[in-house]
Each structure stands twice: as C-alpha cells, then as structure tokens.
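Just follow the structure's listing: the first ligand is 1, and inside any ligand the first atom is 1.
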Amino acid sequence: MSRASRAPFVVAHRGASAARPEHTLAAYELALQEGADGVECDIRLTKDGHLVCVHDRTVDRTSNGTGAVSEMTLDELKSLDFSMNGTEPAEVLTLSELIELVLDWKSRPTKLFIETKHPVRYGALVETTLLNELQRYGIATPASADHSRAVVMSFAATAVWRIRRAAPLLPTVLLGESSLYLSGGAATTVGATAVGPSVRTLREHPDLVDKAAAAGRATYVWTVDDHEDVKLCAELGVDWVATNHPGRTKNSLDA
Ligand code: G3P
Ligand code: CA
C-alpha cells in the first residue's frame, strides 16, 4: 500500500497550538523555530473588512471577550486578550501579520496554509479580500504551484472554485470528511490541486492517497497528533500532515 518516496511535510495546525495559544504570534514563532514546513491558519472577516486568524465564529473560546468576529472591528478585536490565561497577553493576529512573519523567516521557505472559514455567506468577499492581501505581498501569482508560498483551503467547494478561477496557479486544498466526496468528482469539478481528509477518514479509506495521486492531486491530512497516525501517513505517501505538535512530528518522521 505504500507509495512513499519521502516523508510528509509538516504543517503546524493553528501554529504550535499544543504548546502555545492557537493562532497567536507565539504559536507561529514556536512552529517556525521547531522547523515546521508549513503553518496553517483559519481566517475570518471582521466587521470592517480585515482578515484575522480565528477558528470559531465567535471569540468566546479563545479570548477574554465575547461575540462574533464578523460583528467586531479590528480595533475591538485587538483590545482583547487571546492568550488563554496564564501566558503572556496576546493580540488577535491578522493575516497580514502572519504573512509578514512567514516571509521574514529566512531560514526556510515555510508555506502558509490558509483556510477560509464559512466564506460562502459573504459572496466572494472573503476570496477577493484574501487574493488582494496575497497580491500585496507578491504571493498571489506564483511561477508554479510547487513554488507557491501560499495554499488556500476550504471545506466549501465554491470557495475553492472561486480561488482557482481568479488565481489558477495558486494551490488549493478541498477539505472534507467524506471519502466519496474527496475521491469523486468534487475536487475535479472545482480544480483543487489537493484533497484534505481528516485523519479519521484516512484511517477508514487509506486508498484515498493513491486515488488522489492518480488524479494528479496531493493529499493533506488533518489533524495528525498520534504517533501511529504519523506513521500511517508516512507509509501511505501523504504529502502534508497538519499537526498541533510540529516539533515532535518532525522528530518522529526523521527518526
Ligand atoms: O487543516 C484543516 C483543519 O484545520 C480543518 O479543521 O476545524 O481545525 O479548522 P479545523
Ligand atoms: Ca483549520
């Protein structure tokens, strides 16, 4: 069942989020120090049109505030503490701040895996704002998908399709939990360059990796924190694993 020719690349899920508060500068700095090949973030639009790195619809779980991200301005969000208590105070991170951190990290060309959260309810506004942002940093139009510094991901097929149409060389991942959905026509229809099953889906359908490869697609698996799952992904030839423990995962793949 193995087609592995090299170990999967390691993506820090919400930064090194097992050790630092998710989506904070501290979490991403640690991920970069630990040698992550990529960093993952979720993005949402604020009331005044900025993209911020927040997973949930509201800030309730991850900050000392309450309310929906979409109903708060960036200034309001910046006044909250996202450090989850007991650590140094941490501001909400904007996508621009994360891009700058990654591009300034000179020791390796770390990739940025950007997941748009529930973009469909905003029409194309999330995708347009995101592409403008990537354009501003000169990374929206890579010379080739392989050399792209950004990868755009979504559970929403429409969002992936919009990105592919507007920026054909930008790599995209269609995320999902159904093997039928990922290995069937959806990824082809929207032109995704990779499919992104959960690790549970991969355990149940290990043939997904070969099916994706046969269709010319890479595989990105989330969230791979267990040692046995890391081994399984390596054996199957998964291209990218997203993990909350980037340092530990890199070490176990190198061992
Ligand atoms: O990397 C994809 C994965 O992050 C999707 O799940 O809920 O952690 O955004 P979630
Ligand atoms: Ca995510």
Side-chain angles (χ1 to χ4, degrees), residues 8-24 27-28 31 36-45 51-62 68-70 82 84 92-95 98-99 102 110-121 126-127 130 148-160 163 170-179 181-182 186-187 190 192-205 208-209 212 217-226 229-230 232-233 238-246 249-250:
F9 292 112
V10 173
V11 179
H13 185 246
R14 310 181 197 176
S17 58
R20 299 286 184 273
E22 68 181 58
H23 285 122
T24 60
Y28 289 108
D37 303 297
V39 294
E40 187 260 7
C41 68
D42 301 300
I43 55 164
R44 289 181 177 275
L45 266 181
L51 290 171
V52 288
C53 304
V54 179
H55 178 273
D56 301 359
R57 188 182 68 82
T58 72
V59 298
D60 301 18
R61 178 181 62 85
T62 52
V69 173
S70 60
F82 282 77
M84 308 285 290
V92 73
L93 197 63
T94 62
L95 178 63
L98 180 56
I99 294 173
V102 167
T110 313
K111 283 188 196 277
L112 193 52
F113 287 76
I114 304 166
E115 182 186 345
T116 59
K117 280 293 184 207
H118 303 287
V120 176
R121 69 175 68 136
V126 173
E127 293 81 8
L130 170 58
S148 181
R149 294 297 299 272
V151 178
V152 180
M153 315 192 290
S154 192
F155 284 97
T158 309
V160 172
I163 292 288
L170 208 54
T172 49
V173 182
L174 179 65
L175 299 167
E177 296 225 52
S178 151
S179 130
Y181 175 68
L182 293 177
V190 301
T193 54
V195 290
S198 67
V199 71
R200 189 183 55 189
T201 304
L202 183 78
R203 278 189 229 118
E204 288 165 7
H205 302 278
L208 261 176
V209 182
R217 285 193 186 89
T219 308
Y220 165 103
V221 180
W222 49 278
T223 303
V224 188
D225 285 345
D226 181 82
D229 288 333
V230 176
L232 175 69
C233 288
V238 166
D239 298 276
W240 298 91
V241 292
T243 174
N244 299 319
H245 299 269
T249 305
K250 289 234 31 130

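- Using bins of under 30°, 30° to 60° and over 60° for the plane-to-plane angle, the ring pair His23/Tyr28 lands in the tilted bin.
- In Asp42, the N, O or S atom that comes nearest to the Ca ion (ligand 2) is OD1.
- Residue, atom and distance of the protein heavy atom nearest to atom 7 (O) of ligand 1 are His55 NE2, 2.7 Å.
- Side-chain atoms of Asp42 never come within 3.5 Å of backbone atoms of Lys117 as a donor-acceptor pair (strictly under, hydrogens ignored).
- Salt bridge Asp37/Lys250: present, at least one basic N to carboxylate O contact under 4.0 Å.
- The shortest contact between atom 1 (O) of ligand 1 and any protein heavy atom is with Tyr220 OH, 2.7 Å.
- Per residue Glu40, closest N, O or S atom to the Ca ion (ligand 2): atom name OE2.
- Distances between N or O atoms of Lys117 and those of ligand 1 include at least one value under 3.5 Å.
- Close contacts between ligand 1 and Arg14 involve ligand atoms 7 (O), 8 (O), 10 (P) [criterion: under 4.0 Å to a heavy atom].
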Let's go through Arg57 and His118 carefully: what are the C-alpha distance in whole Å and the side-chain angles of both, what is the deciding distance for side-chain hydrogen bond (donor to acceptor under 3.5 Å, both in side chains) to 0.1 Å, and is it a yes or a no? CA-CA 9 Å; Arg57 188 182 68 82; His118 303 287; over 6 Å; no
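- In this structure, Glu115 contributes its side chain and Ser154 its backbone to no donor-acceptor pair below 3.5 Å.
- Counting only heavy atoms from C-beta outward, the side chains of Thr24 and Leu93 never approach each other to under 4.5 Å.
- Close contacts of ligand 1 with Phe155, meaning ligand atoms under 4.0 Å from a residue heavy atom, involve 5 (C).
- With respect to atom 5 (C) of ligand 1, the closest heavy atom belonging to the protein is Glu115 OE1, 3.5 Å.
- Counting heavy atoms under 4.0 Å from ligand 1, residue Asp42 touches it through the side chain alone.
- Atom 4 (O) of ligand 1 has its closest protein heavy atom at His13 NE2, 2.7 Å.
- A distance of 10.5 Å separates CD1 of Ile43 from CG of Leu98, quoted to the nearest 0.5 Å.
- A distance of 7.5 Å separates CG in Leu130 from CG in Leu170, rounded to the nearest 0.5 Å.
- Among heteroatoms of the N, O or S kind in Glu115, OE1 lies nearest the Ca ion (ligand 2).
- Put simply, no part of Phe113 is less than 4.0 Å from ligand 1, judged by heavy atoms.
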